Protein chains: 2
Amino acid sequence: MTETPRPQRADAVRNRRALLSAAADEFAERGLDASIADIARRAGVGKGTVFRHFATKDDLLAAIVIDRMDALNAEGERLLREEPDAGVALRGFLAAAAEQRQQRDLSFLQQAGDLSPEVTAVRTRMYDTIDKLVDHAHESGAVRKDVTGTDVILLMCAPNYVVSYVPNAPPDLWRRYLAIIFDGLRPEGAQPLPHPPPATTA
Amino acid sequence: MTETPRPQRADAVRNRRALLSAAADEFAERGLDASIADIARRAGVGKGTVFRHFATKDDLLAAIVIDRMDALNAEGERLLREEPDAGVALRGFLAAAAEQRQQRDLSFLQQAGDLSPEVTAVRTRMYDTIDKLVDHAHESGAVRKDVTGTDVILLMCAPNYVVSYVPNAPPDLWRRYLAIIFDGLRPEGAQPLPHPPPATTA
DNA sequence: GGAGAAAGTGACCGAGCGGTCCGTTTAGTG
DNA sequence: CACTAAACGGACCGCTCGGTCACTTTCTCC
């Protein structure tokens, strides 16, 4: 039943990879409204080629988002499996998220809404992983009980956001703000939170 | 020496006010790329009128930014004068900042860079006020010593940022995240910070 | 109420965008 | 090597945007 969809031509796979990489760079430098023309030029191909590989600009963006979220989720699952200290695991995940986004300024990723069912799927998977990390951290007492997985998802991107307003920020300044926020998550001396958590994000 | 620059006509001041209000609303709803044409329509004037009052779109934005930052700074100075508990004062200021930005979604304000010397001036004034609030909080022991004024400036907008990813968020959800972050600023049980603070933002 | 300056208006311009289309090039195959 | 389908390229289209300008309307003051 499975069709044999004639493998892609060599130049096509090469160009697709170049395009993905150029797009990530370009989005990183100019934000979400980097132009397709610039991306094409950076990848050394014509504009038409971009649309041959990705039907719309959003599809191109979705491909990048899926790639990164998948990698991040994999790291989360690895920590879940291999790191016995639940607090260290959660913090390690948050660090990985911040690092990935800092490496090439990928903060634009956050602005990407629901681009496609695939994006929604990989995001849901990642949210599940985060929920598990937070549950374990609750059980081990590393994180205050009134903080939910959704809270952590929301706070996850805050260090990068904060750092993005520092011109020429050193590449690991985010560690400072992650530390402050993580301290806010710890149970010691925590004040009761003034507002119920939001429902889980769809 | 002071010239007497013939006061503005009545319709001019009326339209200017309408324009500022319409622009704030429009920017709040559509972000920074709300179009001048839409703003003009909302204010009930022609497009040409917008440019009569504000030479460029950036000038219009700058006028709004100055307005809001000035108000916020005034509140900060009031707290400095009237609130004896330095911890309460700092927290009150952060709450005022979050509230102002939430009220009409003004998160776009953060994205506004250096639009004009006036913006830079009012921003510098506000930063001074924040520095004083933080200094007092240090002295009274309400805030950990290794957190600087610049840190607070950077973290100030994080609650709004976080909430902006919750669809149909209740209007004071920001309080939850301000509480978490503020807990991270308190000296009790704080872990040493892993990275030096950035230099004061110009 | 009338003169003149100030303010308002919307058609218009040029630039840049995402996306299309078709003639051309090129990788794979027997 | 020759042939074909896949992939490429870039001129082109329609649209929207910020900003301009010549003309009209409205306020203000005597």
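Just the heavy atoms: all of them, side chains too, but no hydrogens, waters or symmetry mates, feed the values below. Remember, predicted model here, so these are calculated numbers, not experimental data.
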key: Upstream residue (5' side of DNA chain D) when Lys47(B) and Arg14(B) are each assigned their closest nucleotide   =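 Here Lys47(B) is the residue nearer the 5' end.
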
message = On DNA chain D, does the nearest nucleotide to Ala10(B) precede the nearest nucleotide to Ala37(B) from the 5' side, or the other way round? Give the residue.
response = Ala37(B)

In whole Å, what is the span from the [atom1] atom of [X] to the [atom2] atom of [N]?
| X | N | atom1 | atom2 | value |
| --- | --- | --- | --- | --- |
| Arg41(A) | dC8(D) | CZ | C1' | 17 Å |
| Phe54(A) | dA7(D) | CZ | P | 13 Å |
| Arg52(A) | dA6(D) | CZ | C1' | 7 Å |
| Gln8(B) | dT26(D) | CD | C1' | 15 Å |
| Leu19(A) | dG9(D) | CG | C1' | 13 Å |
| Leu32(B) | dC17(D) | CG | P | 14 Å |
| Ile36(A) | dG9(D) | CD1 | C1' | 15 Å |
| Asp11(B) | dC27(D) | CG | P | 5 Å |

Under 4.0 angstrom, heavy atoms only, what part of the nucleic acid is [X] near: base, sugar-phosphate, or nothing?
| X | result |
| --- | --- |
| Lys57(A) | sugar-phosphate |
| Ala34(A) | sugar-phosphate |
| Asn15(B) | sugar-phosphate |

query = Which comes earlier along DNA chain C counting from the 5' end, the contact point of Asp58(A) or that of Arg9(B), where each point is its nearest nucleotide?
reply =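 Whichever sits nearer the 5' end wins; that is Arg9(B).
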
query = Do His53(B) and Asn15(B) have a side chain donor and acceptor closer than 3.5 Å?
reply =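 Not at all, the side chains of His53(B) and Asn15(B) share no donor-acceptor pair under 3.5 Å.
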
inquiry  = Is it true that Asp151(A) and Tyr177(B) share a donor-acceptor pair across their side chains at a distance under 3.5 Å?
reply    = yes

inquiry  = Looking at dA7(C), I'd like to know if its phosphate oxygens (OP1 or OP2) sit under 4.0 Å from a side-chain N or O belonging to His53(B).
reply    = no

Can you give the donor-acceptor pairs under 3.5 Å from side chains of residues 40-51 of chain B to other protein atoms, not counting sequence neighbours?
| from | atom 1 | to | atom 2 | distance (Å) |
| --- | --- | --- | --- | --- |
| Arg41(B) | NH1 | Asp38(B) | OD1 | 3.0 |
| Arg42(B) | NH1 | Glu26(B) | OE1 | 2.5 |
| Arg42(B) | NH1 | Glu29(B) | OE1 | 3.4 |
| Arg42(B) | NH2 | Glu29(B) | OE2 | 2.8 |

Nucleotide nearest [X] (side chain, heavy atoms from C-beta), chosen from [options]:
| X | options | value |
| --- | --- | --- |
| Ser35(A) | dC8(D), dA7(C), dC17(C) | dC17(C) |
| Phe51(A) | dG19(C), dT20(D), dC27(D) | dG19(C) |
| Thr49(A) | dA7(C), dC8(D), dA11(C) | dC8(D) |

task = Could you tell me whether the side chain of Val143(A) reaches within less than 4.5 Å of the side chain of Pro187(A), counting heavy atoms only?
result = no

query = So, are Asp183(A) and Arg186(B) salt-bridged, with charged N and O less than 4.0 Å apart?
reply =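 Judged by the 4.0 Å cut-off on N to carboxylate O distance, Asp183(A) and Arg186(B) do not form a salt bridge.
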
